[in-house]
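Please read the structure below before turning to the comments.
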Amino acid sequence: MLEIIVQLAASFIASAGFGVLFNAPKKSLIPCGLVGMTGWIFFYTLTNHQVDIVAATAFAAILVSILSQVCSRILKRPIIIFTVSGIIPLVPGGVAYNAMRNFVENDYNTAIQLSAQVMLLAGGIAIGLMFSQVINQIMTKLQKAKQ
């Protein structure tokens, strides 16, 4: 239970902190933190239930994008504020660092494996964000067609 609380707190602080770095309005910082925290804990839960890390990243990115759209509509702020801050915990920075470290140490086999993993994770993030945006556009067109 303590591990979950630490994960929640760390992901909230990271997301809200990046909101500060990106000059998000003060009223948006808590929602930015909540979006990132929710996306991270979803990812964390999926990976703890043996879901592939790339699939878990994509599903978490979809959740972040959906929550960002909701926050954007409720708070009447640009969606990018919530998406960028919310996606930060999912970025594979540690894996990318290890890949570069292995290149420097001439361990090319490990470096290439880690680099491929970074590319797959980044692709999962991109696909997750794109998928949610496509669904949003389809829903908007359907709502306009009903009117």
Side-chain angles (χ1 to χ4, degrees), residues 1-103 111-147:
M1 183 65 177
L2 180 62
E3 185 177 352
I4 296 289
I5 293 170
V6 169
Q7 293 288 330
L8 289 169
S11 58
F12 179 87
I13 291 168
S15 296
F18 270 88
V20 171
L21 286 175
F22 295 134
N23 294 321
K26 289 180 183 178
K27 291 183 180 179
S28 301
L29 293 179
I30 290 177
C32 286
L34 291 173
V35 168
M37 179 183 73
T38 306
W40 175 257
I41 207 64
F42 185 63
F43 167 82
Y44 184 77
T45 303
L46 288 175
T47 55
N48 280 347
H49 286 89
Q50 277 67 44
V51 174
D52 181 62
I53 192 168
V54 176
T57 301
F59 290 136
I62 290 171
L63 179 62
V64 165
S65 186
I66 290 169
L67 292 174
S68 295
Q69 290 172 13
V70 170
C71 288
S72 174
R73 288 186 179 145
I74 291 172
L75 298 173
K76 297 181 180 16
R77 301 276 183 205
I79 191 170
I80 194 76
I81 293 170
F82 306 104
T83 303
V84 170
S85 296
I87 212 72
I88 289 298
L90 299 175
V91 173
V95 181
Y97 170 79
N98 286 331
M100 291 302 109
R101 185 176 53 90
N102 282 295
F103 272 119
I112 289 172
Q113 289 174 356
L114 291 173
S115 296
Q117 186 179 12
V118 168
M119 286 186 264
L120 289 171
L121 293 172
I125 290 171
I127 288 170
L129 293 175
M130 180 191 65
F131 182 75
S132 177
Q133 292 298 328
V134 169
I135 298 246
N136 183 45
Q137 289 178 358
I138 291 170
M139 297 296 283
T140 303
K141 287 182 181 181
L142 289 175
Q143 288 175 349
K144 286 182 181 180
K146 286 182 181 179
Q147 295 175 353

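Interatomic distance, Arg73 CZ to Cys71 SG, rounded to the nearest 0.5 Å: 11.5 Å. Between the CD atom of Gln133 and the CD1 atom of Ile79 there is a distance of 4.5 Å, given to the nearest 0.5 Å. For the atom pair Ser68 OG and Asn136 CG, the distance stands at 11.0 Å (nearest 0.5 Å). Taking CG of Leu67 as the reference point, atom OG1 of Thr38 lies at 5.5 Å (rounded to 0.5 Å). Atom CD1 of Ile66 sits about 7.5 Å away from atom CD1 of Ile135, to the nearest 0.5 Å. Note: Ile127 CD1 to Ser132 OG = 13.5 Å, rounded to the nearest 0.5 Å.
Contact record, Ala99 with Ala111: O-CB, 3.5 Å, taken as the closest heavy-atom pair. Here the closest non-hydrogen pair linking Ile53 and Leu121 is O-CD2, 3.8 Å. Considering every non-hydrogen atom in both Gly39 and Ala60, the closest pair reads O-CB, 3.5 Å. Contact detail for Asn102 and Leu114: the closest heavy-atom pair is ND2-CD1, 3.4 Å. Minimum heavy-atom separation, Leu90 to Ala61: CD1-N, 3.8 Å. Of all non-hydrogen atoms in Ser15 and Met37, the two that sit nearest each other are OG-N, 4.2 Å.
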Practice task
For Ile112 and Phe103, run side chain to side chain contact (heavy atoms under 4.5 Å, CB included): C-alpha distance rounded to whole Å, both residues' side-chain angles, the deciding distance at 0.1 Å, then the answer.
Solution key: CA-CA 8 Å; Ile112 289 172; Phe103 272 119; 4.2 Å; yes
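Of the residues listed (Leu75, Val64, Val70, Leu34), the one engaging Phe82 in a side chain to side chain contact (heavy atoms under 4.5 Å, CB included) is Leu75, and it is the only one. For the side chain to side chain contact (heavy atoms under 4.5 Å, CB included) test with Arg77, the passing option among Pro25, Pro31, Ser72 is Pro25; the others fail. Test Leu129, Val35, Ile88 against Thr83 for side chain to side chain contact (heavy atoms under 4.5 Å, CB included) and you get one pass: Leu129.
Partners of Phe131 by ring pair (Phe, Tyr, Trp, His ring centres under 6.0 Å), not counting sequence neighbours: none found. By the ring pair (Phe, Tyr, Trp, His ring centres under 6.0 Å) test, Phe18 pairs with Phe22, sequence neighbours left out.
The closest donor-acceptor contact from the side chain of Ser85 to the backbone of Ala16 lies at 3.5 Å or more, if one exists at all.
Other residues, nucleotides and ligands contribute at most 12 non-hydrogen atoms within 6.0 Å of the CZ atom of Phe59.
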Identify all side-chain donor-acceptor contacts of residues 3-11 below 3.5 Å with residues at least two apart in sequence or on another chain.
| residue | atom | partner | partner atom | Å |
| --- | --- | --- | --- | --- |
| Glu3 | OE2 | Tyr44 | OH | 2.2 |
| Gln7 | OE1 | Trp40 | NE1 | 2.6 |
| Ser11 | OG | Gln7 | O | 2.8 |
| Ser11 | OG | Leu8 | O | 3.1 |

